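To keep things clear, I will list the structure first and then write my remarks on it.
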Amino acid sequence: MTEAPSTTPKVESSEENSSEEETFKILVTHPEVPQEALDLMSRGCKLIMCESLPPNRTEILQKAKGVHGMFWGSHIPLDKEVLDVAGPQLKSISTMSAGIDYVDVEELKKRKIPLGHTPIVLSDAVADLAMGLMLSAARRFHEGRTKIDSSTWENYHIEWMWGQDIRDSTVGFFGFGSIGQAIAKRLKGFDIERVLYTTRRPIDKKLEKQFNAQKVEFHELLAQSDFLFIAAPLTPETEGIFNSTAFPKMKKTAVLINIARGPIVNQDDLYTALKTNQIFSAGIDVMYPEPLPANDKLLTLPNIVITPHIGSATKRTRTDMATIAAHNVLRGLVGEPMLSPAY
Ligand SMILES: O=C(O)C(=O)CO
């Protein structure tokens with residue numbers, strides 16, 4: 001990779017004639033950050049490693065004082081308290097995630113601290129998982145497994161375990177950024193009829209053409225989609241938007257897939273929609289809370305496939321995310337533009 005900053009990160013010493021060369025200190029908030037990223041950062045900087053698993057806020061707060069950079073390796077809230085504890089010398093932060101809903105972005109902007117994150121590089125892995133959820137929810141993988149376990153395998157019925165066809169379907173995207181487009185690319189082999197989408201930001205006309213995609217209003221997306229992917233960030237506008245008002249507008253045969261953030265869907269309302277067959281099924285990789293308690297009522301339903309937030313969980317993807325986050329932090333320290341700035 002050639003993304004290292006053009007100068008070696010060094011603190012400008014405030015002491016005249018200081019003989020001791022000071023180096024930047026970077027707080028690494030997760031003990032399992034891939035070695036490639038640690039090697040990059042430790043070349044010119046001193047790493048302050050957090051050791052707790054699961055990562056814990058108390059340890060982060062204990063170790064944050066006086067650091068210049070933060071490699072934020074978990075989804076623990078990154079807020080005013082953390083920034084206050086760290087102090088005014090803090091000049092660069094990167095998350096190791098695409099979503100930054102757990103970061104107080106306004107507070108960071110106010111303090112003029114650059115923030116990096118790691119979108120794009122995970123889009124393929126997340127899209128692969130989304131395809132898996134789509135197929136397994138459409139064709140009832142989870143329910144099928146329970147039929148085997150309970151010796152109720154009854155395929156002598158012609159209509160037993162009928163699922164939904166993907167060919168000739170209308171696929172909707174709530175959010176059509178990098179992840180949505182990676183899913184649409186994969187769908188090209190499935191002979192779907194058309195793609196509908198909603199987005200905050202307009203997308204390139206060339207992309208619309210490439211995916212035969214059409215921008216629609218949210219209510220049309222709900223009414224027309226046979227498969228509906230949620231691939232948008234969690235914001236005050238998207239929180240809870242899939243709720244008891246939205247589900248009755250969807251087709252009874254619709255399959256909902258969420259690989260973005262749990263709270264975009266009102267989970268109680270999703271439970272009711274699945275239980276009462278307002279929609280056919282769902283496949284979700286994200287939910288709330290995470291981890292989902294083993295006694296959560298969603299887990300009692302036959303028509304939902306649930307994975308434990310593993311969208312980006314492959315060795316290559318997580319290593320790339322960590323490496324990009326490390327470059328972001330290093331670049332922020334020397335005042336260079338980050339590889340993938342969040343703003
Ligand atoms: O990077 C993120 O935001 C994720 O949730 C990865 O799955």
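Indexing begins at 1, ligand by ligand and atom by atom, following the structure's order. For this chain, numbers begin at 1 and follow the sequence in order. A quick note: this is a predicted structure, and the numbers were derived from the prediction, not measured. Any value given below was found using the heavy atoms of this structure, including those in side chains, with hydrogens, waters and symmetry copies removed.
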When you look for heavy atoms under 4.0 Å from ligand 1, do you find them on the side chain of V126, its backbone, both, or neither? neither
Assess the pair F173 and Y197: is the distance between their ring centroids shorter than 6.0 Å? no
Backbone or side chain, does any N or O of H309 fall under 3.5 Å from an N or O of ligand 1? yes
Contact check, side chains of D226 and Q164, non-hydrogen atoms, under 4.5 Å: no
Please state which protein non-hydrogen atom is closest to atom 6 (C) of ligand 1 and give its distance, to 0.1 Å? S312 OG, 3.4 Å
More than 12 heavy atoms of other groups within 6.0 Å of R186 CZ: yes
Where is the nearest protein heavy atom to atom 2 (C) of ligand 1: which residue, which atom, and how far? A98 N, 3.4 Å
Sub-4.5 Å side-chain heavy-atom contact between N277 and N303: yes
Can an N or O of A260 be found at a distance shorter than 3.5 Å from an N or O of ligand 1? no
Using a 3.5 Å cut-off on N or O atoms only, is G99 in polar contact with ligand 1? yes
Could you list the cluster mates of M161? Members are the ILVMFWY residues connected by side-chain heavy atoms closer than 4.5 Å, either directly or through other members. I148, W153, W160
Polar contacts were defined as any N/O atom of the residue lying under 3.5 Å from an N/O atom of the ligand; does this apply to H75 and ligand 1? no
Consider ligand 1: state whether an atom of it lies below 4.0 angstrom from any non-hydrogen atom of R261. yes
Tracing side-chain contacts under 4.5 Å among Ile, Leu, Val, Met, Phe, Trp and Tyr outward from I93 reaches L27, I48, I60, L61, V67, M70, W72, I76, L78, V82, L83, V85, L90, I100, Y102, V103, V105, L108, I113, L115, Y343
